[in-house]
Amino acid sequence: MGKSAPRPSWDDYFLKVAMLVSERATCPRMHCGCVLVKNKQILSTGYNGSIPGDKHCEDDGCLIVDNHCVRTIHAEMNAILQCSSHGISTQGATAYITNMPCTNCSKALITAGIKEIVIFSDYHDTLAEKFFEIADIKIRRLPQPDKEIDYDLESFSSAKKF
């Protein structure tokens with residue numbers, strides 16, 4: 001049996017989930033993923049995508065206003081809205097996000113009661129840090145987690161053969 005990679009930390013685990021979620025994004029300008037977590041449990045996920053029923057940017061092109069795509073709902077908003085639609089409280093949760101939120105998403109996260117932001121990549125032109133500081137929300141910048149996943153079924157198989 002080969003030596004397996006160590007288990008990822010909780011931070012790496014949730015950031016890796018955010019990275020995977022970002023792969024569902026449909027706006028080519030930025031793929032972003034967000035995972036809302038409380039007590040080490042995932043509450044919801046979100047990625048950049050169009051409103052239900054609308055065409056996706058990758059299929060129909062971006063709708064640009066003031067150098068921003070307005071066709072897309074951002075990952076953070078989608079994660080918050082998913083909680084809202086299922087009656088899940090976000091008070092005191094942590095947001096694991098692939099990128100620093102934009103100004104509007106930072107305001108939504110603050111209003112949703114998010115108490116901590118964990119990112120590994122910054123975003124330009126945002127007042128998020130200023131708003132997070134005013135709201136006393138902690139921001140942690142971590143290195144991007146390793147993209148590799150140790151998935152060696154032979155080494156880990158402990159199933160009995162019948």
Side-chain angles (χ1 to χ4, degrees), residues 8 10-38 40-149:
W10 285 109
D11 286 334
D12 278 356
Y13 170 70
F14 293 126
L15 282 173
K16 281 184 172 190
V17 172
M19 290 166 62
L20 182 60
V21 169
S22 77
E23 292 182 14
R24 292 277 309 152
T26 61
C27 183
R29 291 172 55 95
M30 179 178 285
H31 282 208
C32 184
C34 176
V35 179
L36 299 182
V37 175
K38 191 171 183 181
K40 297 181 182 164
Q41 296 291 313
I42 294 174
L43 303 178
S44 69
T45 63
Y47 54 86
N48 295 7
S50 298
I51 61 172
D54 194 10
K55 295 178 177 144
H56 294 288
C57 297
E58 64 187 15
D59 298 327
D60 211 47
C62 294
L63 181 57
I64 305 297
V65 175
D66 294 331
N67 201 31
H68 294 279
C69 179
V70 296
R71 181 186 306 278
T72 300
I73 299 174
H74 290 185
E76 301 90 335
M77 294 284 203
N78 273 325
I80 292 167
L81 292 168
Q82 185 180 63
C83 281
S84 175
S85 69
H86 293 285
I88 299 169
S89 173
T90 55
Q91 286 294 331
T94 298
Y96 287 86
I97 314 167
T98 55
N99 305 82
M100 174 64 82
C102 72
T103 301
N104 286 328
C105 286
S106 69
K107 293 186 289 185
L109 290 163
I110 292 165
T111 304
I114 303 303
K115 292 298 176 199
E116 183 178 32
I117 307 295
V118 182
I119 60 169
F120 62 80
S121 179
D122 279 312
Y123 179 71
H124 61 79
D125 263 351
T126 180
L127 294 172
E129 270 191 272
K130 177 180 177 149
F131 290 145
F132 290 144
E133 184 179 329
I134 290 167
D136 198 28
I137 293 176
K138 181 178 178 182
I139 302 170
R140 289 193 294 131
R141 287 176 170 84
L142 301 177
Q144 180 176 348
D146 184 6
K147 294 178 183 178
E148 297 296 315
I149 297 173

Around atom CG of Asp136, are there more than 12 heavy atoms of other residues, nucleotides or ligands at under 6.0 Å? no
Locate the shortest heavy-atom distance separating Met30 from Ala25; write the atom from each residue and the value. O-CB, 4.4 Å
Interatomic distance, Ile117 atom CD1 to Ile139 atom CD1 [nearest 0.5 angstrom]: 7.0 Å
Might you point out which heavy atoms bring Cys57 and Cys69 nearest each other, and give the distance in Å? SG-SG, 3.4 Å
Work out which heavy atom in Cys105 is nearest to a heavy atom in Glu76; give both atom names and the distance. SG-OE1, 3.4 Å
Atom CD of Glu116 and atom NZ of Lys38: how far apart are they, to the nearest 0.5 Å? 13.5 Å
Between Lys16 (side chain) and Asp146 (backbone), is there a donor-acceptor pair under 3.5 Å? yes
Distance check, rounded to the nearest 0.5 Å: Ile114 atom CD1 versus Phe132 atom CZ? 9.0 Å
In this structure, are over 12 heavy atoms from other groups packed under 6.0 Å from Gln144 atom CD? yes
Under 3.5 Å, side chain of Asn78 to main-chain N/O of Tyr47, donor-acceptor pair present? yes
Heavy-atom neighbours of Phe131 CZ exceed 12 at 6.0 Å: yes
Between Cys83 and Ser44, what is the shortest heavy-atom contact and its length? SG-OG, 3.3 Å
Going through the distances and angles, do Phe120 and Leu15 end up as a side-chain contact (heavy atoms from CB on, under 4.5 Å)? CA-CA 8 Å; Phe120 62 80; Leu15 282 173; 3.9 Å; yes
Spacing of NE2 belonging to His74 relative to CD1 belonging to Ile80, to within rounding of 0.5 Å: 12.5 Å
With rounding to the nearest 0.5 Å, note down the distance linking CG in Asn48 to OG1 in Thr98. 7.5 Å
From Arg71 CZ over to Thr26 OG1, what is the distance, rounded to the nearest 0.5 angstrom? 9.0 Å
Taking NZ, NE, NH1 and NH2 as the nitrogens, is one of them in Lys147 or Glu23 under 4.0 Å from a carboxylate oxygen of the other? no
Quick one, Leu36 and Gln82 - any side-chain contact, counting heavy atoms below 4.5 Å? no
Determine the interplanar angle of the Tyr13 and Trp10 rings, folded into 0 to 90°, and report it as parallel if under 30°, tilted if 30 to 60°, perpendicular if over 60°. perpendicular
Smallest separation among heavy atoms of Ser22 and Met19, with atom names: OG-O, 2.6 Å
Looking at side-chain heavy atoms only, is the closest gap between Cys32 and Ile97 below 4.5 Å? yes
Over all atoms of both residues, closest heavy-atom pair of Ala93 and Leu43: CB-CD1, 3.9 Å
With a 4.5 Å heavy-atom cut-off, do Thr72 and Met77 have their side chains touching? no
Is there a donor-acceptor pair closer than 3.5 Å between any side-chain N or O of Thr90 and the backbone N or O of Gly113? no
